[in-house]
Number of protein chains: 2
Amino acid sequence: MADQKIPQVTAKRLPLYYRYLEKLHVIGKQRISSSELSDALQIDPATIRRDLSYLGELGKKGYGYNVTYLLQFLRDFLKQDEVTSVVLIGVGNLGTALLRYNFYRSHNTKIVAGFDRDSSKVGTDIDGITVYDMDRLEDVIQLHQVEVAILTVPVNFAQQTADFIIQKGIRGILNFTPARLTAPAHVRIHNIDLTVELQTLIYFLKNFPVIEDIQEPEPT
Amino acid sequence: MADQKIPQVTAKRLPLYYRYLEKLHVIGKQRISSSELSDALQIDPATIRRDLSYLGELGKKGYGYNVTYLLQFLRDFLKQDEVTSVVLIGVGNLGTALLRYNFYRSHNTKIVAGFDRDSSKVGTDIDGITVYDMDRLEDVIQLHQVEVAILTVPVNFAQQTADFIIQKGIRGILNFTPARLTAPAHVRIHNIDLTVELQTLIYFLKNFPVIEDIQEPEPT
DNA sequence: AATATCTTGTGATAAGGTTCACATAAACCG
DNA sequence: CGGTTTATGTGAACCTTATCACAAGATATT
């Protein structure tokens, strides 16, 4: 299998390539080179070629990549035709925003239900997604074959909620809480810590000298 | 200066250490070892020691780290006492949620204003943060010495909005749009692409064999 | 006070990722 | 159709980050 050894960072970039190729396809562009992709996506062309070479020899020397072919290849590779059902746990500010975020539009991911302990939220409907009590999690997971959850509960409930949903069958968690969750090895957790992201950006801004904008290099 | 050569990844972990130390301090814990920190934060103890060693020799052999001392050191290092003012551009679903997110509570970051083109949003107040028209950006930036913006506009306005705010003096952008922004070298951009995060999590879940949970190793 | 235990800080090594630079082959052009 | 240009795929070099493993110093114990 080609997908045995893809670096984590490459896996994160493939959707970017896919999305940009979709755009190119819509406007009718036939071919694209790694350097054009580089200009559009701000990724080094060698990195792009390396990434794509993990999947096979998808380009042609002196030509570049055929947009339709590469798009189709990535569609298959990223299984863009299979829709993956996801649940969201914790319908607060951020949770509500994510329910409305519409991951589904032109993507292969769909939030099928929200969950909250707060009875005033249970039964409501946010952009067509129903909010259930946590008790119903097991049913919904079984019905929709859900394995992935977005976790947006308050930080002090994060670990216990994680334990609960893992016990009900969740294997992947996109954790928006600042808590560093403990979980069995079969569970994959990706953390998005908004505070840290903001703080780190500020840290680098404050601690590194203002880089003068690079001049156009002399043409050779 | 000690902060000349800190790896990017270390800078992202320091706030985690800081937050956990705050908790320890509150409960009155005096000392902490890298292995205890490791258990709590799910970061290899050697990595923690390496991270802290970039800042100096903060621990003591056979003892660990003094919580109060390390906390104070990190507070200074991360300039937790200086509040950095930030603006948010694009008061939609996600933007509104982030305005309410309260980065300020126990952190050194404060969103001082929201901005939107939509006149029905202008003048409203979300958790005490006023939403202004984009025309007012320059004034607010000058008044609060703002250099950092959170960008939550629709993707098709992302680049033009970025160009505009950079021209007004913004030097750091936390970009929540899926657009890959082009900017002068002096501008620092951190991307948080929610769709990609979710897709990547799913990708790894689908493509890697279920890892059996690790058994407790035999005690030596 | 001697011994056993603990835990740091770090040299060395491994792992993961990026970029260079070029052989190779296709495309383009006159 | 031969020469020039273009652009891939990849070996090798490089850079960044993570982890191992241990000397050395501090603590704890008897």
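In what follows, chains are A, B, ... by sequence order, proteins preceding strands, each numbered from 1. Remember, it's a predicted structure, so these values are computed and weren't measured experimentally.
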Can you sort out which residues in residues 8-18 of chain A have a heavy atom within less than 4.0 Å of DNA chain C? Ascending by number, please.
->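 The stretch gives Gln8(A), Val9(A), Arg13(A) as the residues lying under 4.0 Å from the strand, ordered by number.
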
Counting only non-hydrogen atoms, which of residues 36-52 of chain A are less than 4.0 Å from DNA chain C?
-> Asp44(A), Ala46(A), Thr47(A), Arg49(A), Arg50(A)

Non-neighbouring partners of Asn156(B) that pass side-chain hydrogen bond (donor to acceptor under 3.5 Å, both in side chains), sequence neighbours left out |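 Listed in chain order: nothing, the list is empty.
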
Can you name the residues that form a side-chain hydrogen bond (donor to acceptor under 3.5 Å, both in side chains) with His190(B), not counting sequence neighbours?
->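 Here the qualifying residues are Arg188(B).
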
Restricting to pairs with a member in residues 178-187 of chain B, which pass salt bridge (charged side-chain N to carboxylate O under 4.0 Å, His left out), not counting sequence neighbours?
->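 Of all non-adjacent pairs touching residues 178-187 of chain B, none passes salt bridge (charged side-chain N to carboxylate O under 4.0 Å, His left out).
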
Please enumerate all residues that pass side chain to side chain contact (heavy atoms under 4.5 Å, CB included) together with [X], with sequence neighbours excluded.
X: Tyr69(A); value: Leu58(A), Asn66(A), Phe73(A)
X: Lys29(A); value: Leu24(A), Ile27(A), Ile32(A), Glu36(A)
X: Asp193(B); value: Leu16(A), Arg19(A), Pro178(B), Thr195(B), Val196(B)

Does dT8(C) have OP1 or OP2 sitting under 4.0 Å from an N or O in the side chain of Ser34(B)?
->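 Yes, because at least one side-chain N or O of Ser34(B) sits under 4.0 Å from OP1 or OP2 of dT8(C).
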
Kindly write out the residues that satisfy salt bridge (Lys or Arg N to Asp or Glu O under 4.0 Å) with Glu138(A), not counting sequence neighbours, or none if the list is empty.
-> Lys168(A)

Below 3.5 Å, can you tabulate the donor-acceptor pairs from side chains in residues 43-51 of chain A to any protein atom, sequence neighbours excluded?
| residue | atom | partner | partner atom | Å |
| --- | --- | --- | --- | --- |
| Asp44(A) | OD1 | Ala46(A) | N | 2.8 |
| Arg49(A) | NH1 | Ser34(A) | OG | 3.1 |
| Asp51(A) | OD1 | Thr10(A) | OG1 | 2.6 |
| Asp51(A) | OD1 | Arg13(A) | NH2 | 3.0 |
| Asp51(A) | OD2 | Arg13(A) | NE | 2.6 |
| Asp51(A) | OD2 | Arg13(A) | NH2 | 3.2 |
| Asp51(A) | OD2 | Tyr17(A) | OH | 2.6 |

Mind running a 4.0 Å heavy-atom check of residues 20-33 of chain A against DNA chain D and sending the residues that fall below it, in number order?
->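 Residues of residues 20-33 of chain A that come under 4.0 Å of DNA chain D are, in numerical order, Arg31(A), Ser33(A).
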
Without placing hydrogens or testing angles, list every side-chain donor-acceptor pair under 3.5 Å for residues 144-152 of chain A, not counting sequence neighbours.
| residue | atom | partner | partner atom | Å |
| --- | --- | --- | --- | --- |
| Gln145(A) | NE2 | Gln142(A) | O | 3.4 |
| Glu147(A) | OE1 | Arg171(A) | NH2 | 3.4 |
| Glu147(A) | OE2 | Arg171(A) | NE | 3.3 |
| Thr152(A) | OG1 | Ile89(A) | O | 3.2 |
| Thr152(A) | OG1 | Gly90(A) | O | 2.7 |

